Structure formats: structure tokens, C-alpha cells
Peer 1: 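Submitted below is the structure of interest, expressed as C-alpha cells.
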Amino acid sequence: MKKWLAVLISVLFIPFDAYGQEWDTLLLLDGRTGYTSNTYLNPMLSEWSRESNTGYGTITPMGNIFVSKNQFSADLTTGGSYSQFTDDNNAWTSLFLLLNANYRITDRLGLGIETGGSDYSMQSKQSIFWAQPVLSFSPSLFTRVNLKAGSSFRKINFDDVEEQSGYEQFNNYAVEFETWPTFRWQLKLGVFGDLDNPAESLGARASSDINLTRNWDMNLRAGIERYRFQIMTDGGGGGGGFPPGGNPGNETTTTDEADILYRISAGVKYRINSIWEASVSTDYLNYYSTVTEESVSDIHASIGFRVTLFNSSRHTDEARVEVRQNGTQSIFLNLKYDGEGHLYILGDFNDWQKPGIPLVKQRRNRYAAQLSLDSGAYEYKILLIEGDEEKWLELSEDTYTVNDGFGGENGLIITD
């Protein structure tokens, strides 16, 4: 597994500009230091261990490739992580890979798959991989529901055990809802569980990402995880002699129990410039066992940085606009722009009133807006607002444009 992960990481260093504008390549370096009372709270470790009540430092190089062509899009992320602790624990290392692929069947319906794998080296060696088909429904451009179901496989090997363990299989499902109430605020809700016991293992999570200002972002998370299991108890009273198992009064009973995790987290992120980013995060977790009625709490706090080593979509004041119609009066506008500030579209459809209709940022350099237009031709411009400054964005050569009469160009939308 390590070999093919290393190959994919090296592929990310190839500039994909030559393959066309549908490709985006990004190389990042993350660094983080902090304190944790349970490594389960560290997003790069996520392994339950309350023995490591300690400070730590983690360095994570990673790369991302995004490609889109017509109705198809794919997002590949891969990298590695190295964590060193301030106590006597050995360093932890890992390699990981995530792949999301999606095909848009219609403007509202999509079909895809999420898959990935990771290889950890810590107190034990673990290999994990998973795959789950995804059915997505979008009632609007800024609202989506995902239905997921699939399997994950885990293999654990301990250094002091000669025999290699086999893979454990877990069958999971998830229902996710995400929406953008405003162009600065994204909200996600979800429920998930085990396919073998859908109701008994039910968990839930919620997250909110808010763009406070041009450079400041805030995220909030909350969730509950429930893990069901069975324990067998001996009723006693038999004396423990022959025959094996004791006298008739010695009965075995099976009891359903559960471990419940409550988790909340908060973080802020500050973009220093187009290359550097700083962040602060904190997590709180409460564990409750219905077996022992034990309740324990853990915390995690960290500060970190992220540096962009390579970005194929280099900063430009040019915007590439794609327009499609869903067969009614709704027009979906997708825009690719790599720069700072907030984007708006205005034109004949709103009497050129500033600032116009905001475009929602859906990933690092992709923006979208939905317009309801009658049949006809509409000219438009894209307005960039950075602080107190305003300027029109130039449109790329493959965007359909007309002369604006002032030496510039307007985009053109034609509806049937």
C-alpha cells in the first residue's frame, strides 16, 4: 500500500496545465502543534488512545488533483503524516489517499463513489480502506442531499504478535444534507450508523463554516456517536464444580450495552496571504459507557499553519464562466477564479444594480450562482469586491462575450 501511495504523491508534482483548463493541482504543507488527552481527537491520527496525555507536533505534506469534464468530476487527495509526542511514545507515521468521483446524471441527480485508504504505524500497524457509492440529489444549486452506503476494512498487526490478523469488515451508511443559507455560510447535517444495526448504532453530526471577513473563517462542529455491543454475564450460584459449567442455577445472560461519545469543536482560520494560512482549534469529547456508567472527558487544543507549495491555478484577474440551463427558466452559472475578495454577477437581468447577485464559493477556486431568467439574451459582468475596492473581472477567451461599447467585454447568456 505504501508503494502505490508514494507513486500517487509524486504524480501530484507534475504541472497539469498542459492537459487543459479542467485540471487543478495543489500541493500543501500542514504543520500543527498542541496538546491532547486522547489521540482520537487529532484529525490526522483518529485512533483511540487515552494513554497519550501529552503535547505533540505533526507535519503533513499533501497534494490534491481536481478534474472536471462535462458531467464528470473527480477529486483526489493524498499525502503523509508524521507525529512526534513530548512523552515516551514512539512517533506515529501514516500515508493516506482519498478519491471522490461524481457523474451528474441530470441537473438535480448525481451518482458517484467515495473511496480511500490509509496505512498507520503507531503502537500497532494498521491498514484501512473503504468504498461507498454515493447518490446525490440537489433541489437547488446551493442545497444537496447525499445518500451513502458501503464497507470499510481494517487490519491490525502488533509487533509482538507473529501471526498476522485478517481484515475486519464494517458496513456503514450515512445521510447528509448541506446548504448555503448565505454566500458566507455553509451548513452541513448528517446521520450515520452501522448497516447491520441501522437504528441502534445511529449517530448524528452538524457543522457550520462561516466566512467572517475577507481573511477570517470560523468553523463549528458537534456530534454524537453510538457504538452498540453485547456482553455475556454468568449468573453464578453453581459452585463451579463438575459437570463443567456448574449446576443448573448457573445461567448465562446476554445484555445489550453501548458506548456513547459526545463531541464539540470550534476553530478559526486566518489567511495571511495567498500562500500562508494560520489556524487555532479546540475539541471537547465526553465518553459514557452504559456498562460501567463511567463518564470521562477529553480535550484537544492546537495551533497550526498551512503553506501552499504549488498551485496550478495561479492568481489571475481572469474568470472562466460556464453557463448551463436545466430545461426551465433556471440558469446555472459556474465560475473558475483564483483570487481574493467576493464575486457578484450583475447585468440586464437586474438592471445593472450593484453589487449584484453574490456567487457562492463551493471549493477553493470554484464559484456558483443560480438565475431565473425568461427566454432571451442577457449581458452581464462579474464584479470583484476586495475591501473598499471594486473592479470588473476580465472574462476568459472561451467565455461567450460581446463588446460592451466602452472598449471592454460583457458576458452573454442566451436562454431558450
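Note that the numbering runs from 1 along the sequence shown for the chain. A quick note: this is a predicted structure, and the numbers were derived from the prediction, not measured.
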Peer 1: So, the side chain of Ser201 versus the backbone of Asp194: is there a donor-acceptor pair under 3.5 Å, distance only?
Peer 2: yes
Peer 1: So which heavy atom on Asn350 is nearest to which on Gln353, and how close?
Peer 2: ND2-O, 3.0 Å
Peer 1: Take Arg263 and Arg205 through the test side-chain contact (heavy atoms from CB on, under 4.5 Å) and record every step on the way to the result.
Peer 2: CA-CA 9 Å; Arg263 183 173 179 175; Arg205 54 179 169 246; over 6 Å; no
Peer 1: Are Tyr40 and His300 packed together at the side-chain level, in the sense that at least one heavy-atom pair is separated by less than 4.5 angstrom?
Peer 2: no
Peer 1: Which atom names give the shortest non-hydrogen contact between Leu187 and Ser208, and what distance separates them?
Peer 2: CD1-CB, 4.3 Å
Peer 1: Measuring from Leu26:CG to Thr77:OG1, what's the distance to the nearest 0.5 Å?
Peer 2: 9.0 Å
Peer 1: Mind checking whether Phe153 and Phe129 have parallel, tilted or perpendicular rings, split at 30° and 60°?
Peer 2: parallel
Peer 1: Under a 4.0 Å threshold between the charged nitrogen and the carboxylate oxygen, would Glu114 count as salt-bridged to Lys148?
Peer 2: yes
Peer 1: Using every non-hydrogen atom in the two residues, find where Ser94 and Tyr120 come nearest and quote the distance to one decimal.
Peer 2: CB-CD2, 3.6 Å
Peer 1: Please test Thr179 against Arg144 for side-chain hydrogen bond (donor to acceptor under 3.5 Å, both in side chains), starting from the C-alpha separation and ending with a verdict.
Peer 2: CA-CA 6 Å; Thr179 186; Arg144 182 169 57 191; over 6 Å; no
Peer 1: Kindly indicate whether the side chain of Met62, heavy atoms from C-beta on, has any atom under 4.5 Å from the side chain of Asp30.
Peer 2: yes
Peer 1: Between the side chains of Lys381 and Asp404, is the shortest nitrogen-to-carboxylate-oxygen separation below 4.0 Å, so that they form an ion pair?
Peer 2: yes
Peer 1: Any chance the side chains of Ser151 and Trp130 put a donor and an acceptor closer than 3.5 Å?
Peer 2: no
Peer 1: Measure the shortest side-chain to side-chain distance between Tyr378 and Thr415 over non-hydrogen atoms and say whether it is less than 4.5 angstrom.
Peer 2: yes
Peer 1: Apply side-chain contact (heavy atoms from CB on, under 4.5 Å) to the pair Ile224 and Leu202, showing each step before the final yes or no.
Peer 2: CA-CA 9 Å; Ile224 178 173; Leu202 186 65; over 6 Å; no
Peer 1: Any donor-acceptor pair under 3.5 Å linking the side-chain atoms of Tyr287 with those of Asp259?
Peer 2: yes
Peer 1: With rounding to the nearest 0.5 Å, note down the distance linking CD1 in Ile210 to CE in Met218.
Peer 2: 4.0 Å
Peer 1: Measure across Pro355 and Ile385 and return the closest heavy-atom pair with its distance rounded to 0.1 Å.
Peer 2: CB-CD1, 4.0 Å
Peer 1: Using 4.0 Å as the upper bound for N to carboxylate O, is an ion pair formed by Arg271 and Glu277?
Peer 2: no
Peer 1: With a 3.5 Å distance limit and no angle check, can you tell me whether Thr86 reaches the backbone of Gly55 through a side-chain donor-acceptor pair?
Peer 2: yes
Peer 1: Nearest 0.5 angstrom please: Trp216 CH2 to Asn211 CG, how far?
Peer 2: 12.5 Å
Peer 1: So with a 6.0 Å cut-off around CD of Glu294, is the heavy-atom count from everything else above 12?
Peer 2: yes
Peer 1: When rounded to the nearest 0.5 angstrom, what distance separates OH in Tyr56 from OG in Ser302?
Peer 2: 4.0 Å
Peer 1: Given Asn102 and Val134, is the side-chain contact (heavy atoms from CB on, under 4.5 Å) satisfied, shown in steps?
Peer 2: CA-CA 8 Å; Asn102 183 71; Val134 181; over 6 Å; no
Peer 1: Looking at Asn38 and Leu41, would you say the former's side chain and the latter's main chain have a donor-acceptor pair under 3.5 Å?
Peer 2: no
Peer 1: Could you tell me whether Leu212 atom CG has more than 12 heavy atoms of other residues or ligands within 6.0 Å of it?
Peer 2: yes
Peer 1: Provide the closest heavy-atom pair for Leu27 versus Gly63 in the form atom of the first, atom of the second, distance.
Peer 2: CD2-CA, 3.8 Å
Peer 1: With a 4.5 Å limit on heavy-atom distance, are the side chains of Leu359 and Ile357 in contact?
Peer 2: no
Peer 1: In terms of heavy-atom contacts, does OH of Tyr400 have more than 12 from other residues, nucleotides or ligands at under 6.0 Å?
Peer 2: no
Peer 1: May I ask you to say whether Glu176 pairs ionically with Lys188, meaning some side-chain N is under 4.0 Å from a carboxylate O?
Peer 2: no
Peer 1: Going by heavy atoms in the side chains, are Lys354 and Leu346 under 4.5 Å from each other?
Peer 2: yes
Peer 1: Is any side-chain heavy atom of Ser265 less than 4.5 Å from a side-chain heavy atom of Tyr284?
Peer 2: no
Peer 1: Can you tell if the side chain of Asn172 reaches within under 4.5 Å of the side chain of Ser152, non-hydrogen atoms only?
Peer 2: yes
Peer 1: If we ignore angles and hydrogens, is there a donor and acceptor under 3.5 Å between the side chains of Asp75 and Asn64?
Peer 2: yes
Peer 1: If I take atom OH from residue Tyr380 and atom OG1 from residue Thr401, how far apart are they, to the nearest 0.5 angstrom?
Peer 2: 8.5 Å
Peer 1: Do the charged groups of Asp209 and Arg221 touch, with an N to O distance under 4.0 Å?
Peer 2: yes
Peer 1: How close do Gly80 and Leu95 get, heavy atom to heavy atom, and via which atoms?
Peer 2: CA-CD2, 4.0 Å
Peer 1: For the backbone of Phe310 and the side chain of Thr308, can you confirm whether one donor and one acceptor N or O come within less than 3.5 Å of each other?
Peer 2: no
Peer 1: Can a donor-acceptor pair be found, under 3.5 Å and without considering hydrogens, that links the side chain of Ser127 to the backbone of Lys155?
Peer 2: no
Peer 1: Between Trp352 and Glu379, is any pair of side-chain heavy atoms under 4.5 Å apart?
Peer 2: yes
Peer 1: Other residues, nucleotides and ligands only: do more than 12 of their heavy atoms fall within 6.0 Å of CD on Glu293?
Peer 2: no
Peer 1: Using 0.5 Å steps for rounding, measure from the CG atom of Asn286 to the CD1 atom of Ile299.
Peer 2: 13.0 Å
Peer 1: Trp92 and Tyr82: aromatic ring centres closer than 6.0 Å?
Peer 2: no
Peer 1: Would you check if there is a donor-acceptor pair between the side chains of Arg32 and Ser279 at a distance under 3.5 Å?
Peer 2: yes
Peer 1: Run the numbers on Phe96 and Thr60 for side-chain contact (heavy atoms from CB on, under 4.5 Å), then give the verdict.
Peer 2: CA-CA 11 Å; Phe96 59 88; Thr60 307; 4.0 Å; yes
